[in-house]
Amino acid sequence: MSSTYCFLIQFILNFVGSTAADTVENNLFHGKRSDIPAPYLPTECMLEIFKHVQAQDSGLYSCLLVNRYWCKNIVPLLWSRPFEALSTENRYKLIHTYLACLDREDYLNLSSSLQSYNIKIIEIRQPLFNYSMYLEEFSYKQLEIAVHSTIHIWCNKTFINNHKQDQILLIATTLCKLFMRRSISLKSFIIDKYFSHSDIPQISTFIEQPGLSHLTRFKIDYCKPMTTNTIKLLENLPYLCSNIRCLDIKFPIFEHNHKAISRIISTQKCLNEFNLSGVRIGSERILFSLQSRHETLNIIRLENVYITEACFNALALCKNLKDLSLWYCRGLNIENTSVLLKSKFSLKKLRLGFSPICSDVAGLILQVGGISLKELEIDLINSIIVETILDCCPNVKEIKLANYFPHDNNYLFYQLFFGLSLENLEIFINSKNLDYEDMKLTGQDLPPSLKYLKLSCGFTIDQFKELFKTCNAPLETIIIDYVDLNYDHIKVITKFIREKKTVKTLGIVGMDDMTSQGIKELKMLKKRYGIFIIPSYELNQW
Ligand SMILES: *[C@@H]1O[C@H](CO)[C@@H](O)[C@H](O)[C@H]1NC(C)=O
Ligand SMILES: *[C@@H]1O[C@H](CO)[C@@H](O)[C@H](O)[C@H]1NC(C)=O
Ligand SMILES: *[C@@H]1O[C@H](CO)[C@@H](O)[C@H](O)[C@H]1NC(C)=O
Ligand SMILES: *[C@@H]1O[C@H](CO)[C@@H](O)[C@H](O)[C@H]1NC(C)=O
Ligand SMILES: *[C@@H]1O[C@H](CO)[C@@H](O)[C@H](O)[C@H]1NC(C)=O
């Protein structure tokens, strides 16, 4: 984020903090006008700024109260993703507000249907704004959860409800219809389920216009067998939209609606990003259809997918592919993978997860990465892999090591990091894995070109001290994503920052629960050394 934005946001937040309450109170209760005018900026600027304010907890709510102009700009933002991170009480309020947006006829129909369950919905007057219009991202699971909370409150929390799933479906159907008719901005649609025994609304609900016609992102995330209406929706999607850019499909292994998926792929003319997870038998049908999008596809991520030679052939044709991820896929043998060597693409980013697979396949795929490759994520390092990277992918500047880290054979890491003039290094170890205690990474392993270091793993305080004490790399950015960080770790970093004077940016996950001592230390770094401390809501973008 540029410093101008930071400044403006700070200005607005200060403004909101110090005067908004007074302004509103004066205007509303005393009929007085505040002396300080709220800043006026063109709508585009306001929106850009508010988007950043939005990322901070409840920041935007106070902005709502400033004046009508601010309010008009903020309501669409707040209502674009209203289901995210709500308390039970707020889910109830949200559903009530949406119910108030219903057409009279639908409202009466729903309330008479609910009466047969002895549920009476309170009449609410038409709200000021057409809230349902602003919805941009919809997840069926989030709707189910919100409706469930609402019913729970209606029934006074004690009532044992035998028809809960029917009631949820009834209300969800009415609300989906509302969204399909009103949400002119609906761009992202996620079909997932919280209650796996009930179905989603019938297909007739989703063919209302404008409905899904503006979708650019579609995701299906199922771990249970797919329901009848979900399958119907998948089959109908090609008739409802044609501008999906990002498609994300997660199936349970035994599912086989591959024909519908390949129809979706071949009808979306701008398909740019494709994720597929959990397809074994019949993956060929889906992957084969990627050929039809060979001009537009930039990103392909396959996880837990069985890949045959024909699939690799289809991948090889995607000439604009820049970012490829093969994570724990099956069928990766030298014979079938080697067709990738004929590929027409130049990758910038490659993510390889193998564990059970032999390193000759890894070597082969790295060869495909070649000189264009800049970023690499990998979960296996051995001498063949290091050699191949140094020979074939000499321009890699960023490496993420996933669940594989320097231990005894440190020379390999030294060779790799120094051989590449590495600039960015991330070490990730799953937090459930205590192996990090065996990690031996010292500052001397880090090349003199390294500018960015992200540690998404545990560290004993001794490892941590050793790493920073011996580090000569001119680090500019340090990010520590480790839950059990304590004050001693912070002190080690502070010492490094004070002595090396190269660090400009520091990010620490879990900053919100830091002790006052830790916070004081960070404030000092900011004030005395001009260090930019990345706000926690922004950390995953760094
Ligand atoms: C009223 O609701 C029922 C089921 O809930 C539905 O079948 C019917 O089509 C609805 N009627 C109108 C006019 O929307
Ligand atoms: C919301 O929009 C719908 C359809 O465009 C319209 O019928 C309804 O009156 C609007 N409601 C408000 C409160 O503006
Ligand atoms: C829940 O309680 C309210 C008042 O506390 C009452 O009016 C309502 O009928 C109750 N609802 C049910 C389903 O018991
Ligand atoms: C595809 O997967 C990646 C990594 O898990 C994720 O960041 C991205 O949002 C996914 N794409 C879509 C369209 O959901
Ligand atoms: C290689 O691909 C062919 C089909 O393209 C498939 O029949 C064969 O089983 C694959 N080999 C392995 C070892 O997966």
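Indexing begins at 1, ligand by ligand and atom by atom, following the structure's order. Since the model is a prediction, treat every value here as computed from it, not as a measurement.
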Evaluate the 4.0 Å heavy atom contact test for atom 7 (O) of ligand 4: does a protein atom fall under the cut-off? no

Give the residue and atom name of whichever protein heavy atom lies nearest to atom 9 (O) of ligand 4, and the separation in Å to one decimal. E273 OE2, 4.2 Å

re atom 12 (C) of ligand 4, the protein heavy-atom contact at minimum distance is D248 OD2, 3.3 Å

Validation row: Y194, V147 side chains within 4.5 angstrom (heavy atoms): no

So, R301 and E273, do they make that salt bridge, N to O below 4.0 Å? yes

By number and element, which atoms of ligand 4 are closer than 4.0 Å to a non-hydrogen atom of R301? 1 (C), 2 (O), 3 (C), 8 (C), 10 (C)

Using a strict 4.0 Å threshold on nitrogen-to-oxygen distance, state whether K193 and E144 make a salt bridge. yes

Run the numbers for me: atoms of ligand 4, each under 4.0 Å from some heavy atom of R217, listed by number. 12 (C), 13 (C), 14 (O)

Atom 2 (O) of ligand 4: nearest protein contact (heavy atom, Å): N275 ND2, 2.2 Å

Would you call E398 and K349 a salt bridge, using N to O less than 4.0 angstrom? no

Centroid-centroid distance, F206 to F189, less than 6.0 Å: yes

K219, any N or O under 3.5 Å of ligand 4 N or O: no

Return the OG1 to CD1 distance between T230 and I191, rounded to the nearest 0.5 Å. 6.5 Å

